[in-house]
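One structure is given here, and the rest of the page talks about it.
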Amino acid sequence: MSILTTYFQTPHNTAPFSKINNSDFEPAFDTAIQQAKEEIDSIALNILPATFENTIEAMAFSGMTLDRLSSIFFNLNSAETNDELQQIAQKVAPKLSEFSNDILLNEKLFERVKHVFDQKDLFELSAEQQTLLENTYKNFVRNGALLDSKSKSRLREIDAELSLTSLKFGENILAETHQYQMHLTSEEDLAGLPEGVIEAARQLAESENKEGWIFTLDYPSYLPFVTYSSNRALRKELTLAAGKKAFQNNAFNNEENVLKIVRLRFERARLLGYPTHADFVLEERMAQSPQKVTSFLNDLLQKAKPAAQQEFKALTEFAKQTDGIDRLEKWDGPYYSEKLKQERFNLDDEKLKPYFKLENVLEGAFKVAEKLYGIRFEETKNMDTYHEDVQTFEVKDSDNNLIAVFYTDFFPRKGKRNGAWMTSFKPQYIKDGKNERPHVSIVCNFTKPTATKPSLLTFNEVTTLFHEFGHALHGMLADTTYPGLSGTSVYWDFVELPSQIMENWCYEQETLELFARHYETGEMIPMELVEKIKESANFQEGIATLRQLSFGLLDMGWHAQDPTAITDLKAFETEQFASTQLYPDVKENAMSTAFSHIFHGGYASGYYSYKWAEVLDADAFAFFKEKGIFNPEVASGFKNNILSKGGTEHPMVLYKRFRGQEPQPEALLKRAGLTK
């Protein structure tokens with residue numbers, strides 16, 4: 001019996017990372033898949049008439065060993081991968097795809113599910129049970145249960161190909177990110193860079209036994225360089241390297257993978273009776289249709305574009321006056337934006353960073369959660385982790401009951417993908433009268449401490465931490481019966497509400513007073529800096545909005561039409577970006593080949609969700625502002641109606657129960673300064 005397929009004899013049944021070898025995974029997957037198959041067979045072949053309990057509920061609690069194993073494996077493959085894990089992933093992904101299809105295309109099982117669904121009025125079901133029944137039935141139909149045998153066979157082939165191609169897409173980006181280095185040996189090349197950035201680059205060079213300084217495509221290295229380096233040629237080199245990820249003539253090129261993924265998704269959607277992949281996806285979203293999404297994005301575009309063009313014009317003029325730049329390029333944007341922000345608001349991210357020591361910011365997030373939701377975070381050293389950088393916490397309520405286990409993983413390293421995300425190692429659910437509590441993790445890529453400085457965050461990184469912590473609260477405060485409806489298992493265009501609303505607290509004086517202290521002196525952040533943070537909140541909001549909309553429109557471009565005639569990825573992208581383009585195009589760069597959200601993550605036909613959820617979060621936070629940002633009644637309403645409910649009811653029902661009305665888009669436009 002594998003350690004990975006038994007109950008873990010560890011604190012709170014946490015994953016025993018140090019005892020797991022890579023070689024354990026493949027046999028464990030085989031065992032867990034076989035075990036899950038037997039559980040499904042016992043449901044499908046049950047001779048008793050199908051009921052909610054012996055069919056729908058039994059399925060909801062089947063395959064849990066496999067689910068737990070998959071969570072551990074794929075989380076490691078994102079945060080701590082290596083060649084061996086990637087090879088295992090390539091072998092395991094098709095097996096999981098086949099197993100999923102074995103369930104969804106099991107005719108006897110579907111007969112039982114359909115019987116319960118057709119007789120649902122005879123059962124006295126709670127709202128959560130009704131949702132589970134409807135989701136289960138729809139999941140079968142949307143995954144081929146009504147297809148003929150030939151079509152079912154093709155569906156299996158498509159799903160297996162998609163899982164492998166998506167994995168390959170992600171591996172190529174990771175390889176490209178880690179393959180590139182900009183190695184500098186002249187101090188002149190460091191002009192403009194903050195001392196902490198230089199020190200981190202020197203430390204990286206030393207770790208590789210090299211002289212000088214090394215800069216990489218990891219965000220804590222890349223972003224400060226293109227923001228502060230006064231060497232335009234080097235900014236260009238690094239920007240082009242980032243934009244060329246998986247769009248070069250080498251083994252890691254993703255062009256064919258993108259085209260293959262969108263064609264397979266389209267074929268799959270047509271097989272299931274939908275016009276496009278976007279139609280298929282959006283049927284199960286708040287937005288409901290590609291037309292509604294496109295209309296939503298274009299409506300925002302119409303409102304944001306004049307502001308963005310004005311901001312871009314001002315930035316262009318500023319660069320010309322400052323340094324005689326005739327044509328503003330992509331590698332100039334962050335640099336001159338930062339300079340203009342400093343001039344306009346006398347606000348420099350580097351002056352703010354000493355007040356945002358990582359440990360203090362995390363403690364601040366904990367204090368906000370305690371004030372809002374009455375939970376405490378206690379660091380513990382008795383839980384296993386997969387890397388020495390990972391911290392573990394027990395989350396408890398006021399009665400000292402365990403609410404969740406919480407992991408944090410904050411620094412970049414080889415084998416860890418870029419970006420920031422929340423994930424789960426174990427879901428929350430209630431079984432046999434016991435409320436099993438979740439194990440939740442947030443993973444980021446912040447600057448590592450150096451020999452002389454702790455990890456100091458930019459304000460943007462502060463909001464990133466609060467964003468991911470908001471997702472984590474959605475997972476940690478879950479209180480549902482079924483694991484498949486728990487925590488972040490909600491409509492994709494609702495999932496960003498708990499994360500994005502948390503960012504709002506970062507701009508509030510009451511919050512900053514909880515944690516923004518100078519790491520050397522302990523001095524509270526000066527109130528004039530807090531005011532400047534608030535004043536600058538909408539700086540270049542038009543440009544930022546246009547950027548987000550461009551990604552959403554590109555996503556819909558790939559997925560809301562027949563992509564089979566697309567052969568030139570770059571030409572297609574250029575066409576999609578036409579309405580949102582500000583900077584001159586760079587022919588060596590492409591977005592899609594590194595657009596992990598839609599080709600490796602779960603955001604295909606869903607990137608618009610960030611903007612959609614901004615409407616929700618602006619409206620919801622307006623309610624907090626009206627009553628007080630730590631108002632216990634409003635916080636309790638948000639916790640009880642949204643954070644704890646997961647996907648147990650339709651999101652608009654949950655939202656209206658919290659807010660008393662549907663969200664008003666005006667709140668977003670007002671907050672963004674795009675309307676008076």
Side-chain angles (χ1 to χ4, degrees), residues 286 361 363-377 397-398 422 459 462-479 487-488 490 493-516 525 527 530-531 533-538 541 609-646 651-675:
M286 291 177 81
V361 177
E363 187 59 32
F366 291 167
K367 285 176 181 172
V368 169
E370 184 172 2
K371 284 169 81 75
L372 288 170
Y373 309 121
I375 54 176
R376 292 177 292 108
F377 291 75
D397 66 12
S398 54
M422 166 267 179
F459 186 71
V462 173
T463 60
T464 295
L465 190 152
F466 268 69
H467 178 104
E468 299 308 332
F469 186 66
H471 280 309
L473 287 171
H474 201 184
M476 290 188 276
L477 294 172
D479 191 21
T488 56
V490 298
D493 46 9
F494 192 61
V495 80
E496 294 299 331
L497 167 60
S499 55
Q500 288 179 189
I501 195 172
M502 281 302 292
E503 294 180 35
N504 290 280
W505 271 270
C506 300
Y507 295 90
E508 298 296 323
Q509 182 177 328
E510 272 183 86
T511 310
L512 291 169
E513 285 174 347
L514 296 174
F515 68 88
I525 189 169
M527 280 310 111
V530 174
E531 284 308 310
I533 288 171
K534 293 177 86 161
E535 279 174 30
S536 66
N538 290 335
E541 184 63 35
S609 304
Y610 285 105
K611 276 292 163 200
W612 186 275
E614 271 190 57
V615 172
L616 299 173
D617 97 66
D619 183 72
F621 193 68
F623 192 33
F624 272 99
K625 287 280 280 184
E626 182 190 323
K627 305 289 186 184
I629 64 166
F630 292 113
N631 180 284
E633 285 79 27
V634 180
S636 177
F638 195 73
K639 176 186 174 183
N640 295 333
N641 293 307
I642 291 178
L643 295 179
S644 69
K645 293 293 187 200
M652 192 56 84
V653 172
L654 296 176
Y655 188 83
K656 283 163 73 175
R657 205 174 286 152
F658 156 67
R659 186 68 167 95
Q661 62 183 43
E662 290 201 2
Q664 306 300 310
E666 289 71 32
L668 168 62
L669 297 170
K670 187 177 176 186
R671 184 180 69 184
L674 299 174
T675 186

Please answer whether the main-chain N or O of [Y] pairs with a side-chain N or O of [X] as donor and acceptor at a distance below 3.5 Å.
{"X": "Lys656", "Y": "Glu662", "answer": "no"}
{"X": "Asp397", "Y": "Ile375", "answer": "no"}
{"X": "Gln500", "Y": "Tyr610", "answer": "yes"}
{"X": "His474", "Y": "Pro498", "answer": "no"}

Which heavy atom of [X] sits nearest to which heavy atom of [Y], and what is that distance?
{"X": "Gly646", "Y": "Leu654", "value": "O-CD1, 3.7 Å"}
{"X": "Gly673", "Y": "Asn538", "value": "N-ND2, 3.6 Å"}
{"X": "Phe658", "Y": "Ala620", "value": "CE2-CB, 3.8 Å"}
{"X": "Leu512", "Y": "Ile525", "value": "CB-CG2, 4.4 Å"}
{"X": "Thr463", "Y": "Glu503", "value": "O-CG, 3.6 Å"}
{"X": "Asn631", "Y": "Lys627", "value": "ND2-O, 3.2 Å"}

Distance alone, cut at 3.5 Å: any donor-acceptor contact between the side chains of Ser499 and Glu496?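 Short answer, yes.
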Could you walk me through whether Asn640 and Ser636 pass the side chain to side chain donor-acceptor pair (under 3.5 Å) test, one step at a time? CA-CA 6 Å; Asn640 295 333; Ser636 177; 3.1 Å; yes
Nearest 0.5 Å please: distance from the [atom1] atom of [X] over to the [atom2] atom of [Y].
{"X": "Lys534", "Y": "Met527", "atom1": "NZ", "atom2": "CE", "answer": "10.0 Å"}
{"X": "Asn504", "Y": "His467", "atom1": "CG", "atom2": "NE2", "answer": "12.0 Å"}
{"X": "Glu626", "Y": "Phe621", "atom1": "CD", "atom2": "CZ", "answer": "12.5 Å"}
{"X": "Ile533", "Y": "Glu508", "atom1": "CD1", "atom2": "CD", "answer": "11.5 Å"}
{"X": "Met476", "Y": "Leu643", "atom1": "CE", "atom2": "CG", "answer": "10.0 Å"}
{"X": "Thr488", "Y": "His471", "atom1": "OG1", "atom2": "NE2", "answer": "8.0 Å"}

Derivation of the side-chain contact (heavy atoms from CB on, under 4.5 Å) call for Leu497 and Val490: CA-CA 11 Å; Leu497 167 60; Val490 298; over 6 Å; no
State, with a plain yes or no, whether a side-chain heavy atom of Arg376 is found less than 4.5 Å away from one of Ser398.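 The answer is no; the side chains never approach within 4.5 Å.
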Do the charged groups of Glu614 and Lys611 touch, with an N to O distance under 4.0 Å?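 The answer is yes: the pair qualifies as a salt bridge.
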Hey, are Asp617 and Arg671 close enough for a salt bridge, meaning a charged N less than 4.0 Å from a carboxylate O?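 Counted as a salt bridge, because a side-chain N and a carboxylate O are separated by less than 4.0 Å.
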Please confirm whether Phe494 and Tyr655 have ring centers closer than 6.0 angstrom.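 No, ring centres 6.0 Å or more apart.
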Is the distance between the ring centroids of Phe459 and Tyr507 under 6.0 Å?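 When the ring centroids of Phe459 and Tyr507 are compared, they turn out to be within the sub-6.0 Å range.
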Under the side-chain contact (heavy atoms from CB on, under 4.5 Å) rule, what do Met502 and Leu473 come out as? Steps first, then yes or no, please. CA-CA 10 Å; Met502 281 302 292; Leu473 287 171; 4.0 Å; yes
Do the rings of Trp505 and Phe624 sit parallel, tilted or perpendicular, given the 30° and 60° boundaries?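 Trp505 and Phe624: perpendicular rings.
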Taking it one step at a time, do Asp619 and Gln661 satisfy side-chain contact (heavy atoms from CB on, under 4.5 Å)? CA-CA 10 Å; Asp619 183 72; Gln661 62 183 43; 4.0 Å; yes
Could you tell me if Lys371 sits above the aromatic ring of Phe630, with its cationic atom closer than 6.0 Å to the ring centre and no more than 45 degrees from the axis?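 Pair Lys371/Phe630 counts as cation-pi.
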Can you check ring pair (Phe, Tyr, Trp, His ring centres under 6.0 Å) on Phe366 and Phe515, steps first, answer last? CA-CA 10 Å; Phe366 291 167; Phe515 68 88; over 10 Å; no
Using the rule given for side-chain contact (heavy atoms from CB on, under 4.5 Å), can you reason through Ile501 versus Phe638, listing the C-alpha separation, both sets of side-chain angles and the distance that settles it, and then say yes or no? CA-CA 11 Å; Ile501 195 172; Phe638 195 73; 3.9 Å; yes
